[in-house]
Peer 1: 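Okay, here's the structure, questions in a sec.
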Amino acid sequence: MHSRASQNRLSTPSRISVLLLAMFATMAAVYVAGRLWQDAENRVYLIQELDKRTGQGQSAISVDDTLKVITCREQQKKLSELEMDLAAATQEGFVPKHLSKNDGTRSKKKLLAVIGIITTFGRKKNRDAIRKAWMPTGAAVEKLADEKGIIVRFVIGRSANHGDSLDREIDNENRHTNDFIILDGQVEAPGESPKKMKSFFIHAVENWDAEFYAKVNDDVYVNIDALGAMLTIHMDKPRVYIGCMKSGEVFSEQSHKWYEPEWWKFGDKKSYFRHASGEMYVMSRALAQFISINKSILRTYAHDDVSTGSWFIGLDVKHINEVKFCCSSSFSVFVRVKL
């Protein structure tokens with residue numbers, strides 16, 4: 001009897017332990033089941049959202065795959081909308097709607113080239129010399145566009161002190177000549193030249209549909225007929241970048257006139273990649289559109305010609321080293337004059 005009582009006393013704690021263990025096991029099972037049920041609800045929700053977006057029936061794909069499909073569907077929709085816009089623009093003769101509405105006399109004939117003459121404050125003497133030498137004025141501006149398909153404009157930004165005497169002088173000059181592209185969102189300053197160049201090409205391709213877009217300095221005299229004849233040779237090429245191709249030393253000394261803050265990106269030899277010389281260069285419409293579309297992510301360097309050349313590295317672009325764009329050529333389409 002004594003022995004049986006002792007066994008009963010010993011077994012009582014063991015029963016309590018078993019009961020506690022069973023209770024904890026039950027709670028753990030309930031917790032795990034709850035988490036699995038929550039995950040299942042999330043998966044069902046995502047699949048239902050996919051069904052709503054895609055119109056498909058039951059799906060057995062994973063949550064990650066569901067999210068990827070939703071993203072791809074949205075991108076495809078945007079691409080389809082862009083393709084429809086492009087098709088509509090083609091049917092309209094490649095003329096931007098706001099231009100065709102604002103100017104009923106503008107021809108829908110496709111242009112050969114838009115030429116931007118890069119100028120700045122205090123260079124009116126240069127601009128007047130260009131107007132007298134090769135840039136048409138008055139009614140001859142429209143005649144050049146209608147007969148030869150060429151648009152020519154001076155390109156300038158705005159003063160850092162917006163609306164000051166510098167801006168007013170340009171506005172007054174433009175009222176008399178009507179031959180400026182004024183980039184209101186671009187500060188006119190020496191260090192802003194690469195960004196100004198980007199802004200010009202964006203403005204030009206968004207306002208005129210042409211085969212080519214050209215940049216010219218305001219100390220250059222251009223032979224319009226020779227330029228037009230040369231450009232027509234390259235019209236069958238989809239992506240061309242034309243100029244007097246060169247390279248050059250990258251200067252890392254801050255005191256140097258041509259200092260390049262990003263010099264370390266050009267390797268140990270410190271030499272720029274091939275690019276068109278800055279006096280004058282031309283790009284086809286596809287490249288100007290590329291700049292416009294990717295404007296927010298295109299890096300600029302110290303010089304506008306280097307910056308432009310850098311945007312086309314890695315693209316399927318035909319670099320044309322055109323000797324007629326080199327100052328040393330006796331057959332050059334332009335002459336650089338120091339005034």
Side-chain angles (χ1 to χ4, degrees), residues 89-90 92-119 123 126-157 170 173-184 186 196-218 220-235 240-243 276 279-292 304 308 325 333-334:
T90 302
E92 291 174 6
F94 298 93
V95 177
K97 293 181 180 179
H98 65 279
L99 288 180
S100 60
K101 290 179 181 178
N102 293 340
D103 188 353
T105 63
R106 184 179 294 276
S107 172
K108 289 189 176 182
K109 180 181 177 182
K110 197 165 190 175
L111 297 169
L112 175 63
V114 176
I115 303 174
I117 307 172
I118 308 304
T119 189
R123 305 275 288 185
N126 289 56
R127 294 191 290 272
D128 287 341
I130 287 175
R131 291 182 182 110
K132 292 178 181 179
W134 65 270
M135 180 181 178
T137 57
V141 173
E142 291 300 325
K143 184 178 180 181
L144 180 65
D146 292 339
E147 294 183 357
K148 298 183 179 180
I150 296 177
I151 297 288
V152 185
R153 296 288 188 274
F154 290 108
V155 181
I156 195 167
I170 294 298
E173 184 179 346
N174 190 39
R175 276 193 291 271
H176 288 86
T177 60
N178 195 30
D179 56 6
F180 277 87
I181 294 174
I182 300 177
L183 304 170
D184 287 320
Q186 175 61 53
K196 175 182 175 181
M197 208 58 50
K198 190 197 321 187
S199 297
F200 158 64
F201 285 117
I202 293 169
H203 177 93
V205 77
E206 290 181 354
N207 286 272
W208 291 286
D209 189 73
E211 295 288 348
F212 301 98
Y213 298 86
K215 174 260 180 172
V216 181
N217 286 343
D218 69 354
V220 168
Y221 292 156
V222 177
N223 184 327
I224 290 287
D225 291 331
L227 176 63
M230 187 273 295
L231 291 179
T232 56
I233 298 173
H234 303 295
M235 287 181 62
V240 293
Y241 172 42
I242 311 170
E279 287 83 9
M280 181 177 185
Y281 53 82
V282 181
M283 66 183 69
S284 58
R285 180 177 65 258
L287 298 184
Q289 289 174 333
F290 171 82
I291 294 173
S292 177
D304 69 87
T308 302
F325 277 46
V333 299
F334 71 86

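These figures come from a predicted structure and were not determined experimentally. The basis for the numbers below is simple: all heavy atoms, side chains too, and nothing from hydrogens, waters or symmetry mates.
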Peer 1: Taking Asn174 for its side chain and Phe180 for its backbone only, find out whether a donor-acceptor pair lies under 3.5 Å.
Peer 2: yes
Peer 1: Within this structure, what is the NE2-CG distance for the pair His176 and Asn178, rounded to the nearest 0.5 Å?
Peer 2: 12.0 Å
Peer 1: Nearest 0.5 angstrom please: Phe325 CZ to Glu279 CD, how far?
Peer 2: 11.5 Å
Peer 1: Below 4.5 Å, heavy atoms only, C-beta onward: do Val216 and Val222 meet side chain to side chain?
Peer 2: yes
Peer 1: Identify the two heavy atoms, one from Ser292 and one from Glu206, that lie closest to each other, and give their separation to 0.1 Å.
Peer 2: OG-OE2, 2.9 Å
Peer 1: Looking at side-chain heavy atoms only, is the closest gap between Leu231 and Ile233 below 4.5 Å?
Peer 2: no
Peer 1: Could you walk me through whether Asp218 and Val220 satisfy the side chain to side chain contact (heavy atoms under 4.5 Å, CB included) test, starting with their C-alpha distance in whole Å, then the side-chain angles of each, then the deciding distance to 0.1 Å, before giving a yes or no?
Peer 2: CA-CA 6 Å; Asp218 69 354; Val220 168; over 6 Å; no
Peer 1: Do Ile115 and Val282 come close enough that some side-chain heavy atom pair is under 4.5 Å?
Peer 2: no
Peer 1: Measure the spacing between CG of Asp304 and CG of Asn217 and express it to the nearest 0.5 Å.
Peer 2: 7.0 Å
Peer 1: Find out whether Lys215 and Met280 are in side-chain contact, i.e. whether some heavy atom of one side chain is under 4.5 Å from a heavy atom of the other.
Peer 2: no
Peer 1: So which heavy atom on Tyr221 is nearest to which on Ile130, and how close?
Peer 2: CE2-CG1, 4.0 Å
Peer 1: Given the rule in the side chain to side chain contact (heavy atoms under 4.5 Å, CB included) test, do Lys110 and Asp209 qualify, once you have shown the distances and angles that lead to the verdict?
Peer 2: CA-CA 6 Å; Lys110 197 165 190 175; Asp209 189 73; 3.0 Å; yes
Peer 1: Start with the C-alpha distance between Tyr213 and Phe201, add both sets of side-chain angles, then the distance that settles ring-ring contact (aromatic ring centres under 6.0 Å, His included), and finish with yes or no.
Peer 2: CA-CA 7 Å; Tyr213 298 86; Phe201 285 117; 7.4 Å; no
Peer 1: In terms of the angle between their ring planes, are Trp208 and His203 parallel, tilted or perpendicular, with boundaries placed at 30° and 60°?
Peer 2: perpendicular
Peer 1: Taking the side chain as every heavy atom from C-beta outward, state whether Leu183 and Lys196 have any pair of such atoms under 4.5 Å apart.
Peer 2: yes
Peer 1: Does some side-chain heavy atom of Ile156 sit less than 4.5 Å from a side-chain heavy atom of Ile181?
Peer 2: no
Peer 1: Given Asp179 and Arg153, is the salt bridge (charged side-chain N to carboxylate O under 4.0 Å, His left out) satisfied, shown in steps?
Peer 2: CA-CA 5 Å; Asp179 56 6; Arg153 296 288 188 274; over 6 Å; no
Peer 1: Which pair of non-hydrogen atoms, one from Ala276 and one from Ile242, has the smallest distance, and what is that distance?
Peer 2: CB-O, 4.3 Å
Peer 1: Are the side chains of Asn126 and Thr119 in touch, meaning some heavy atoms are under 4.5 Å apart?
Peer 2: no
Peer 1: What's the shortest heavy-atom distance between Gly116 and Val155, and which atoms?
Peer 2: CA-CG2, 3.7 Å
Peer 1: Mind checking the OG-OH spacing from Ser284 to Tyr241? Nearest 0.5 Å is all I need.
Peer 2: 12.0 Å
Peer 1: How far apart are the closest heavy atoms of Tyr281 and Met197, and which atoms are they?
Peer 2: OH-CG, 3.3 Å
Peer 1: Applying side chain to side chain donor-acceptor pair (under 3.5 Å), can you list everything that pairs with Ser199, at least two apart in sequence or on another chain?
Peer 2: Gln186
Peer 1: Taking only residues two or more places apart in sequence or in another chain, which ones pass side-chain contact (heavy atoms from CB on, under 4.5 Å) with Thr137?
Peer 2: Arg131
Peer 1: Which is it for Ile291 and Ile202 under the side chain to side chain contact (heavy atoms under 4.5 Å, CB included) test, yes or no, and what are the steps along the way?
Peer 2: CA-CA 7 Å; Ile291 294 173; Ile202 293 169; 4.1 Å; yes
Peer 1: Which atom pair, heavy atoms only, marks the closest approach of Pro136 to Val141?
Peer 2: O-CG2, 3.3 Å
Peer 1: Would you say Leu111 and Phe212 make side-chain contact, with heavy atoms under 4.5 Å?
Peer 2: no
Peer 1: Can you tell me how far the CE atom of Met283 sits from the CD atom of Gln289, to the nearest 0.5 Å?
Peer 2: 12.0 Å
Peer 1: Nearest 0.5 Å, please: how far is CE in Met135 from CG in Asp128?
Peer 2: 11.0 Å
